[in-house]
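Values below: every heavy atom of this structure, side chains too, minus hydrogens, waters and symmetry copies. Heads up: numbering here begins at 1 and tracks the sequence.
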Amino acid sequence: MGEVFLDAFLDTLKVLPFLLIMNFLIELLEYKSDGLNARGILKGGLAPLIGTGVGVVPQCGFSVVATELYAKRKIALGTLLAVYIATSDEALPIMLSSYAGVTKLLPVLIIKVCFALIVGYAAFAVEKLAAKNSRSKHENAQTCTQYTTTKIETHEHAQEREAEHAHGNDDAQEQEHAHGHKHEHSEGRVHIHGCHRHDLCGEEYAEPDEHATRSQKAKFVWNRYLKHPLTHTATVILYILIVNIAFGITVYYVGERRLAEFIGATGYLQPVLAAAVGLIPNCAASVILTELYVVGGLNLGGAVAGLCVGAGIGYAVLVKQNRPVKNTLMIIAVMFVLSASLGVAITACGF
């Protein structure tokens, strides 16, 4: 049992440097107006390709970083899916450790990379089309509103002219109009004041002015660039550790061998069950699936399904950080359905 806690601690420790660096960078780039989002790097056309390349690296920390970025909407859904599908976690090191694994590595790797690119760019295209349609509807609504407003104002102006001609109170009308105009501008100023950083985020995050003391500037730097990312990293790391321990204990009592034997005896249902195992937010899932595939207990379809859907601890962070919840459930469901369907198709082809 002691090794379960040790493995959970070591797996969590692997993620820490990636998460910490990423949170520091996000704080810096969010404050600067010329951040990555403004340049279109994280949401540009190369984003799914970059996500796929990063995901292939045998390290589950990248799926966590991608999840954090998506939860903050710094990357698009297509990029997140590409990272998830391409993520190999412990699969590559295990396959490369034996001759039998090396011979089976290439087909899995090629399928994962191609599938990640296809799904990533498909989601990217759908998002762009949805955004375009949304802008078009918004512009049409604005046009209709402006047209309606113009008609109302024209009608009101006509009534005012008739009233002025009938009662001869031009001066009173002009004074009242000026008073109302000032009142509108006053309300606008109140609204603008309500959007200042110190009102929304607290005074401790408000940028000091040119008259601020050195201690005030130092406090701002600490709160903005150090305290917040450190606190956020500590919270997420603690959550990851708890999840790793929980699933480690579960696998310990169920038994990796028993789980592997169950998957291996399911025949054509292998891809579906392998995809279900791949959803487990722990590196044990990729270890079980890879070892079973190397020794011949899992066919290519099952291996592809389980390793494509597997994103390591990324799913646990997604559940905690991403909102709304229905978006999180949609992502998990899409990953499972697409990966299982690919696995079933490969199995049906006799592989």
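For the pair Leu342 and Ile111, the minimum side-chain heavy-atom distance is below 4.5 Å. Using a 4.5 Å heavy-atom threshold, the side chains of Val304 and Lys112 count as separate. Residues Val334 and Ile331 form no side-chain contact, since every pair of their non-hydrogen atoms from C-beta on lies 4.5 Å or further apart. At least one side-chain heavy atom of Val108 sits under 4.5 Å from a side-chain heavy atom of Tyr293. Between Leu16 and Leu13 the shortest side-chain heavy-atom distance falls below 4.5 Å. Looking at heavy atoms from C-beta onward, Val64 lies out of side-chain contact with Gln321 at the 4.5 angstrom threshold. Counting only heavy atoms from C-beta outward, the side chains of Tyr70 and Asn327 approach each other to under 4.5 Å. Put simply, the side chain of Ile332 reaches to within 4.5 Å of the side chain of Val319, judged on heavy atoms.
Nearest approach of Ile245 to Ala8, heavy atoms of both residues: CG1-CB, 3.6 Å. When every heavy atom of Phe62 is checked against every heavy atom of Val57, the shortest pair comes out as CE1-CG1, 3.7 Å. Contact between Ala340 and Pro271 at its shortest, heavy atoms only, is O-CB, 4.0 Å. Nearest heavy atom pair, residue Gly78 against residue Ala123, reads CA-CB, 3.6 Å. What you find for Phe115 and Ile85 is that their closest heavy atoms are CD2-CG2, 3.7 Å. Considering all non-hydrogen atoms of both residues, Ala285 and Gly278 come closest at CB-CA, 4.4 Å.
Under the 4.5 Å side-chain contact rule for hydrophobic residues, Ile280 and Leu292 share a cluster. Follow the hydrophobic side-chain contacts under 4.5 Å out from Ile237 and you never reach Ile242; the two are in separate clusters. Hydrophobic clustering of Ile, Leu, Val, Met, Phe, Trp and Tyr side chains at less than 4.5 Å, counting indirect connections, keeps Val126 apart from Met330. Side-chain heavy atoms closer than 4.5 Å link hydrophobic residues (I, L, V, M, F, W, Y) into clusters, and following such links, even through other members, never connects Val83 to Leu307. Ile118 is not connected to Val54 by any chain of hydrophobic side-chain contacts under 4.5 Å among Ile, Leu, Val, Met, Phe, Trp and Tyr, and they are in different clusters.
To the nearest 0.5 Å, atoms CD (Glu68) and CG (Leu80) are separated by 11.5 Å. Note that OG1 of Thr347 is 4.0 Å distant from CG of Asn299, once rounded to the nearest 0.5 Å. With rounding to the nearest 0.5 Å, the separation of CG in Leu279 from OG in Ser339 is 8.0 Å. The CZ atom of Phe124 sits 13.0 Å away from atom CG of Leu117, with the distance rounded to the nearest 0.5 Å. Put simply, NZ on Lys14 and CZ on Phe9 are 12.5 Å apart, with the number rounded to the nearest 0.5 Å. A distance of 10.0 Å separates CG of Leu318 from OG of Ser63, quoted to the nearest 0.5 Å.
In terms of modelled atom types and a separation under 3.5 Å, the side chain of Glu127 and the main chain of Leu77 share a donor-acceptor contact. Looking only at distances, no side-chain donor or acceptor of Thr79 sits under 3.5 Å from a matching main-chain atom of Ile75. Under a 3.5 Å cut-off, the side chain of Gln270 and the backbone N or O of Leu298 do not form any donor-acceptor pair.
Within the hydrophobic cluster formed by Ile, Leu, Val, Met, Phe, Trp and Tyr side chains joined at under 4.5 Å, directly or through other members, Leu329 is accompanied by Val325.
A donor-acceptor pair shorter than 3.5 Å can be found between the side chains of Tyr84 and Thr67.
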*Please step through side-chain contact (heavy atoms from CB on, under 4.5 Å) for the pair Lys320 and Thr235, ending with a clear verdict.*
CA-CA 10 Å; Lys320 182 182 184 298; Thr235 303; 3.6 Å; yes

